[in-house]
Structures are given as structure tokens and as C-alpha cells.
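Atom set for the values below is all heavy atoms of this structure, side chains included, hydrogens, waters and symmetry mates excluded.
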Amino acid sequence: WTNNSDRWKLAATTDGNNFLYHADDNAPGVDLYKDTVYTAPIIVPVTTDGSVWKLGFDQRNSYMYTYVGGPRHDVSISNDGGATWDSAWVASNASFTSLTPVEPIDLSVYAGDTIHVAFVHHGDFDTAWRIDNIRITKFYDPILSAMIPDFPATAIGDTSVRMMQV
């Protein structure tokens with residue numbers, strides 16, 4: 001992990017579970033910070049089986065509220081070594097008292113690329129953000145079987161169906 005701020009911490013629970021944490025900085029009157037912590041390079045393999053790679057994590061937000069230019073948490077991704085970043089996810093302005101999973105972020109546009117993932121805290125004298133269980137998982141679209149009438153039955157009690165994958 002690399003970061004641009006001493007406000008990002010790698011912390012641990014009493015049972016040894018590590019997590020990322022950005023605390024309320026308690027620095028009123030200072031311009032809004034844009035504190036970033038990002039990963040080492042990650043290769044996103046190309047898939048040939050119809051699956052996609054997705055980024056997931058659990059988060060806990062404290063003191064989230066809305067005002068112009070107010071606090072915001074987001075995940076950005078770079079596939080050019082950090083020269084440019086694409087915003088892939090932005091947190092809602094909701095506080096969570098416990099770790100809550102986010103909707104997995106689709107990485108299919110980065111298949112075959114080497115990426116960096118950044119967790120970005122925008123704010124000043126406000127929110128605390130805890131991030132845990134960061135994972136990249138292979139997802140498969142489900143294949144569902146359905147019985148669909150192909151043509152009407154020709155005799156009473158007869159049926160005609162075919163199997164198809166949806």
C-alpha cells in the first residue's frame with residue numbers, strides 16, 4: 001500500500017484482523033483534503049469463460065452528511081501506472097455503524113491490464129472511513145434453464161417444449 005497522507009492507517013482488531021482506516025482529522029478550517037491510499041500493481045487476467053473480475057470490499061462510514069464540497073469517499077482505478085484515474089465507485093452519503101459490503105465493481109474493462117486501485121477520502125474535519133475484506137473475485141453470469149413452448153400441442157394432454165439456456 002502507498003498513500004499520500006499520514007491520516008490513512010493500517011489498523012488491526014484485537015483478534016488480529018487488519019483493515020484500512022481514515023480517521024476524522026480534526027483540523028477545522030483547513031482546505032478539503034484528498035487523501036489517497038492505493039495498491040501495488042494488480043494484473044487483471046483476461047477471461048475466456050464468460051466470467052468477469054469484480055472488486056469488492058466492506059466499509060463503515062461515520063459522520064457522513066451532505067454539503068457543497070463536503071465529504072466524499074470513492075474508489076478510482078488507473079491502468080497507466082497512476083498517471084490518470086477513473087472513478088469507479090462513489091460512496092453514498094450514508095453512515096454505517098457496522099461493516100457493510102459494497103456492490104462489487106466490474107473490472108471487465110481492465111481485463112488484460114495492470115491496474116492500481118485507490119481508495120480516496122475527500123474531506124476535512126468530518127468523516128471516518130474503515131475498509132476491510134478487499135477482494136477481487138471472478139463472477140459468472142448465471143445460466144438458467146427454462147421450459148418454453150415451442151409450438152402448440154396437437155392432441156389433448158400432449159405438450160411440446162424445448163430446453164434453452166437464457
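Of all heavy-atom pairs between Gly82 and His116, the closest is N-ND1, 4.5 Å.
Looking only at distances, a side-chain donor or acceptor of Ser78 sits under 3.5 Å from a matching main-chain atom of Thr84. Thr39 places a side-chain N or O within donor-acceptor distance of the main-chain N or O of Val117, the cut-off being under 3.5 Å. Of the possible polar contacts, one joining the Trp53 side chain to the Pro45 backbone as a donor-acceptor pair under 3.5 Å is found. Between the side chain of Thr100 and the backbone N or O of Ser98, at least one donor-acceptor pair lies under 3.5 Å. In this structure a side-chain-to-backbone donor-acceptor pair under 3.5 Å is present from Asp106 to Ser108.
Of the residues Phe57, Tyr38, Trp85, the one that meets the ring pair (Phe, Tyr, Trp, His ring centres under 6.0 Å) test with Phe119 is Phe57.
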*Could you check Trp89 against Ile77 for side chain to side chain contact (heavy atoms under 4.5 Å, CB included), going step by step and ending with a plain yes or no?*
CA-CA 9 Å; Trp89 175 88; Ile77 299 174; over 6 Å; no
*Determine, stepwise, if the pair Arg135 / Asp58 fulfils side chain to side chain contact (heavy atoms under 4.5 Å, CB included).*
CA-CA 9 Å; Arg135 60 212 171 263; Asp58 301 336; 3.4 Å; yes
*Between Ile42 and Ile136, is a side chain to side chain contact (heavy atoms under 4.5 Å, CB included) present by the stated rule, with each step listed?*
CA-CA 10 Å; Ile42 300 168; Ile136 295 179; 3.8 Å; yes
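Within the 4.5 Å cutoff, side-chain heavy atoms of Leu99 are placed close to those of Arg130. Within the 4.5 Å cutoff, the side chain of Val120 has no heavy atoms near those of the Val75 side chain.
Here the straight-line distance linking atom CG of Asp113 with atom CG of Asn79 works out to 4.5 Å at 0.5 Å rounding.
Cluster annotation: Leu55 is connected to Val37 through the hydrophobic network of ILVMFWY side chains, with a link wherever side-chain heavy atoms come within less than 4.5 Å. When the side chains of ILVMFWY residues are joined at heavy-atom separations under 4.5 Å, either directly or via intervening members, Ile105 and Ile131 end up in a single hydrophobic cluster.
If you look at Trp129 and His121, their ring centroids are not closer than 6.0 Å.
With respect to the salt-bridge test (charged N to carboxylate O, under 4.0 angstrom), the residues Asp49 and Lys138 qualify.
For Ser87, the side chain to side chain donor-acceptor pair (under 3.5 Å) test picks out no residue, with sequence neighbours left out.
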